[in-house]
**Q** 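Questions regarding the structure given below will be posed in turn.
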Number of protein chains: 2
Amino acid sequence: MTEQPARPTSRDVARAAGVSQATVSLVLGDKWRGRVSERTAGLVRDAAHALEYRPNLAARSLRLGTTRTALLVVPALTNEFFARVYTGAAEVAAEHGFGVVLYPSPAGVGPARDPFASARAALDGVIASSMATQALDAIRGADLPLVMLDSDPDAPGAAARVNLDIADGIRQVTEHLLALGHRRLLHLASAISSWTFDIRATALAEAVRNVPDAVVRTVSAPLDVGAGREATERALSAPGPRPTALVCDDDILAAGACKAVRRLGLRVPEDISVTGFDDLALATAIEPELTTVSLPAERVGERGMSALLAVLDGRRPEPGDLPVSLVVRASTAPPPRDA
Amino acid sequence: MTEQPARPTSRDVARAAGVSQATVSLVLGDKWRGRVSERTAGLVRDAAHALEYRPNLAARSLRLGTTRTALLVVPALTNEFFARVYTGAAEVAAEHGFGVVLYPSPAGVGPARDPFASARAALDGVIASSMATQALDAIRGADLPLVMLDSDPDAPGAAARVNLDIADGIRQVTEHLLALGHRRLLHLASAISSWTFDIRATALAEAVRNVPDAVVRTVSAPLDVGAGREATERALSAPGPRPTALVCDDDILAAGACKAVRRLGLRVPEDISVTGFDDLALATAIEPELTTVSLPAERVGERGMSALLAVLDGRRPEPGDLPVSLVVRASTAPPPRDA
DNA sequence: ACGCCGACGTTATACGTAAAACCCCGGCGG
DNA sequence: CCGCCGGGGTTTTACGTATAACGTCGGCGT
């Protein structure tokens with residue numbers, strides 16, 4: 001269209017600097033110590049700068065057999081948590097001259113197309129959220145370095161893992177509620193992956209273990225506000241003594257839960273306490289502001305990318321889970337006296 | 001690490017099929033009508049399938065001088081609206097064998113690094129939200145096809161534009177409020193780009209033009225809940241008759257506004273009506289559920305990508321703004337009688 | 001009987017980069 | 001005086017693909 005003025009190549013730079021193309025490549029690749037004089041290197045850099053030379057990435061990838069591109073597989077970008085993970089991953093990728101391309105799950109794009117297969121030859125590695133279960137099998141077949149996020153340590157095929165200390169988060173909320181005096185808890189779980197469910201459920205069970213009169217019920221719901229509201233409404237109108245606190249696996253569910261509580265003519269937190277998980281923007285947008293577990297989402301992305309880079313370098317990725325922290329806000333309070 | 005078994009090349013396929021590499025390229029590129037026999041083509045395809053051949057994208061890009069990759073520039077992915085735009089763009093891109101890579105604004109990544117410059121040689125075009133103003137200048141210098149989203153039609157350098165009919169959205173909310181009987185409106189604007197501000201402000205002014213006793217005040221705030229709350233709180237406690245309705249430029253601000261209203265001991269919508277913009281998930285997560293303007297965010301991305309593809313093909317992009325629609329929920333009601 | 005053509009492929013080349021292999025020359029140790 | 005070494009480059013090649021240019025061969029029209 002606009003008649004591109006033909007982007008300059010390394011050969012153009014060489015011509016301008018009065019050297020050979022190889023020299024340009026050496027200088028610009030910082031591989032010239034002792035092979036090229038300081039003066040010549042300067043000439044090359046000046047010429048490159050003057051021509052606004054940018055190396056052709058396709059050519060470089062072809063030559064090097066590497067693309068400096070990682071694939072990030074997430075269930076959905078519209079989930080703030082994963083958007084933040086991307087941000088973190090992209091940040092450290094950029095620091096190392098890498099790019100991050102997204103594969104927002106098989107649900108996001110049509111099932112027929114397979115961005116992964118077509119991108120496969122152009123990738124150096126994959127970072128995958130374990131929640132995107134469907135995509136994982138395809139990836140495993142590709143013998144690419146794979147970093148898994150929040151995954152079952154027993155699941156195979158990962159060169160590295162970065163996990164959040166989810167169990168500790170659940171433990172913290174639970175202890176917070178127990179300390180406030182709550183004894184009847186309802187666990188509102190998001191039906192995402194069986195592993196994340198299990199780890200939360202057992203952490204919760206463990207936390208109430210030494211509180212003799214504590215009792216926990218569990219219901220699960222798809223991850224959206226409406227579903228959370230409905231599930232909660234159903235659970236709270238069930239016969240038997242009503243729970244006084246709701247432990248939700250996600251702020252989104254917690255928001256739904258709050259709505260349900262109020263629909264039933266009750267108040268949060270006076271009648272029923274509600275806790276969330278993730279500490280999304282949503283947590284402080286609703287009323288009352290949610291007591292929730294804050295997750296370092298960006299850090300997950302950063303660690304994921306760092307781990308991938310480490311694997312690619314043959315180094316050992318940094319071990320250990322990422323810590324989470326309880327944020328107490330206004331959605332939790334002692335249970336009503338008559339309860 | 002894992003000793004990759006050396007991905008098969010087109011030459012490997014050729015060897016397996018007993019033909020030359022050129023023939024493989026012809027067959028797999030669907031350019032063989034009348035140049036290769038049906039039988040040979042079959043052999044080639046079988047061999048390719050058997051070897052699980054995937055073309056090397058870097059090599060193809062180098063040869064073709066095209067990367068089938070577009071850059072999407074957005075202010076922040078954590079904003080649900082832009083995450084949805086990405087989703088739409090990625091969808092139609094995939095349908096045409098294109099990829100979409102993100103540049104989440106200069107604020108997201110450090111100022112020193114310039115992903116755009118380094119990616120520049122590897123891009124076929126750019127789709128940019130006008131809100132990412134800082135990045136635009138750099139892009140213009142790159143003489144790449146540029147599609148602008150929600151941009152001033154007078155701004156230069158765009159090969160195509162896709163705009164939402166924002167003005168109509170504002171008109172619709174305003175008329176809704178006027179019909180309910182509101183006369184004193186407060187416009188809570190998000191200080192994003194001067195163009196989007198202007199278009200909204202004038203649309204609002206126009207909508208109240210023929211309602212003689214209607215009066216509009218404007219305040220603006222950064223785009224987050226807390227800022228929205230503070231700005232609203234200040235504006236509502238100012239001297240003079242209090243507005244009965246708040247027209248917010250974004251659901252996020254509207255959420256803040258609702259909190260502010262309640263802090264002042266008033267109710268939404270009985271004392272003050274609040275409207276949002278965007279129809280994010282947030283709109284139905286808070287209470288009361290927001291009356292807001294629903295934007296087809298995915299469509300923006302789809303149209304943006306389609307337009308870019310059209311430009312690259314030398315075709316004319318589809319003209320016209322995308323329609324928006326008012327969604328009336330529970331945050332608007334007639335003003336109190338004594339007002 | 002010859003030329004020509006169409007069907008079916010093949011050979012050769014270019015894309016821009018990185019790096020291995022090579023080359024030249026001045027100085028220095030033996 | 002010769003060989004060798006190291007500094008400072010250059011020549012050449014390979015990466016995998018797409019495609020232009022080139023062959024070959026059988027048949028058919030004249």
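Note on naming: letters A, B, ... go to the chains in the order of the sequence lines (proteins, then strands), and numbering restarts at 1 for each one. None of these values were measured; they are calculated from a predicted model. The figures that follow rest on heavy atoms only: side chains count, while hydrogens, waters and symmetry mates do not.
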**Q** Angle, rounded to 10°, between the helical axes spanning five pairs at each terminus of the helix from C:dA1-D:dT30 to C:dG30-D:dC1?
**A**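 For the helix from C:dA1-D:dT30 to C:dG30-D:dC1, the axes at opposite ends meet at about 70°.
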
**Q** For the OH atom of A:Y86 and the CD atom of A:E298, what is their distance to the nearest 0.5 Å?
**A** 13.5 Å

**Q** Could you check if a side-chain atom of A:V44 sits within less than 4.5 angstrom of a side-chain atom of A:V36, using non-hydrogen atoms only?
**A**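 Side chain of A:V44 against side chain of A:V36, heavy atoms only: no contact under 4.5 Å found.
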
**Q** Name the first nucleotide and the last nucleotide along DNA chain D (5' to 3') that come under 4.0 Å of a heavy atom in chain B.
**A**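 Terminal contacting nucleotides, 5' to 3': D:dG16 to D:dA21.
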
**Q** As an exercise, state the distance from OH of B:Y53 to CZ of B:R45, rounded to the nearest 0.5 Å.
**A**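 Rounded to the nearest 0.5 Å, the OH-CZ separation comes to 14.5 Å.
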
**Q** For B:R39 and C:dG9, give me the distance from atom CZ to atom P, rounded to whole Å.
**A** 8 Å

**Q** Using atom CZ of A:R54 as one end and atom P of C:dT17 as the other, report the distance to the nearest whole Å.
**A** 13 Å

**Q** Let's see if you get this right: which residues in residues 16-26 of chain A place a heavy atom under 4.0 Å from DNA chain C?
**A**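 Within residues 16-26 of chain A, the residues near DNA chain C are A:Q21, A:A22, A:S25.
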
**Q** Do A:V147 and A:V162 come within less than 4.5 Å of each other through their side chains, counting heavy atoms only?
**A**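 Yes, at least one pair of side-chain atoms sits under 4.5 Å.
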
**Q** Measure the spacing between CG of A:L77 and CZ of B:F82 and express it to the nearest 0.5 Å.
**A** 13.5 Å

**Q** Detail all sub-3.5 Å separations between protein N/O atoms and N/O atoms belonging to nucleotides 21-27 of chain C.
**A**
none

**Q** With a 3.5 Å distance limit and no angle check, can you tell me whether A:N163 reaches the backbone of A:D150 through a side-chain donor-acceptor pair?
**A** yes

**Q** For C:dG9, take OP1 and OP2 only and decide whether either is under 4.0 Å from a side-chain N or O of B:S37.
**A** yes

**Q** Using a 4.5 Å cut-off on heavy atoms from C-beta on, say whether the side chain of A:Y103 contacts that of A:L123.
**A**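 Contact flag for A:L123/A:Y103 side chains = no.
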
**Q** Check whether A:T69 reaches the backbone of A:V100 with its side chain - one donor and one acceptor, N or O, closer than 3.5 Å.
**A** no

**Q** Write down the distance between CZ (A:R11) and P (C:dT17), rounded to a whole number of angstrom.
**A** 8 Å

**Q** Output the distance between atom CG (B:L57) and atom CG (A:L62), rounded to the nearest 0.5 Å.
**A** 11.5 Å

**Q** Output yes when a side-chain donor or acceptor of A:D46 lies under 3.5 Å from a complementary backbone atom of A:L43, and no otherwise.
**A** no

**Q** Roughly how far apart are A:T67 OG1 and A:D124 CG, rounded to 0.5 Å?
**A** 3.5 Å

**Q** Is there a donor-acceptor pair closer than 3.5 Å between any side-chain N or O of B:R303 and the backbone N or O of B:D321?
**A** no

**Q** Can you tell me the distance, in whole Å, between the CD atom of B:E38 and the P atom of C:dC8?
**A**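 Taking atom P of C:dC8 as the reference, CD of B:E38 is at 10 Å.
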
**Q** Taking everything shown except B:R33 itself, do over 12 heavy atoms lie less than 6.0 Å from its CZ?
**A** yes

**Q** A:L62 near the nucleic acid: base, sugar-phosphate alone, or nothing, with a heavy-atom cut-off under 4.0 Å?
**A** base

**Q** Within the supplied structure, the quantity of interest is the number of heavy atoms (other residues, nucleotides, ligands) at a distance under 6.0 Å from A:R68 CZ; does it exceed 12?
**A** yes

**Q** Indicate every side-chain donor-acceptor pair of residues 17-27 of chain B with a distance under 3.5 Å to a residue at least two apart or in another chain.
**A**
unit_1, atom_1, unit_2, atom_2, d
B:S20, OG, B:A22, N, 3.4
B:S20, OG, B:T23, N, 3.4
B:S20, OG, B:T23, OG1, 3.2
B:Q21, NE2, B:S10, OG, 3.4

**Q** Mind listing the residues from residues 40-51 of chain B sitting with a heavy atom below 4.0 Å of DNA chain D? Number order is fine.
**A**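 Here the set is empty: none.
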
**Q** To the nearest 0.5 angstrom, please state how far the CG atom of A:L322 sits from the CD atom of A:E302.
**A** 9.5 Å

**Q** Output the rounded distance in Å from CG (A:D30) to P (C:dA18).
**A** 12 Å

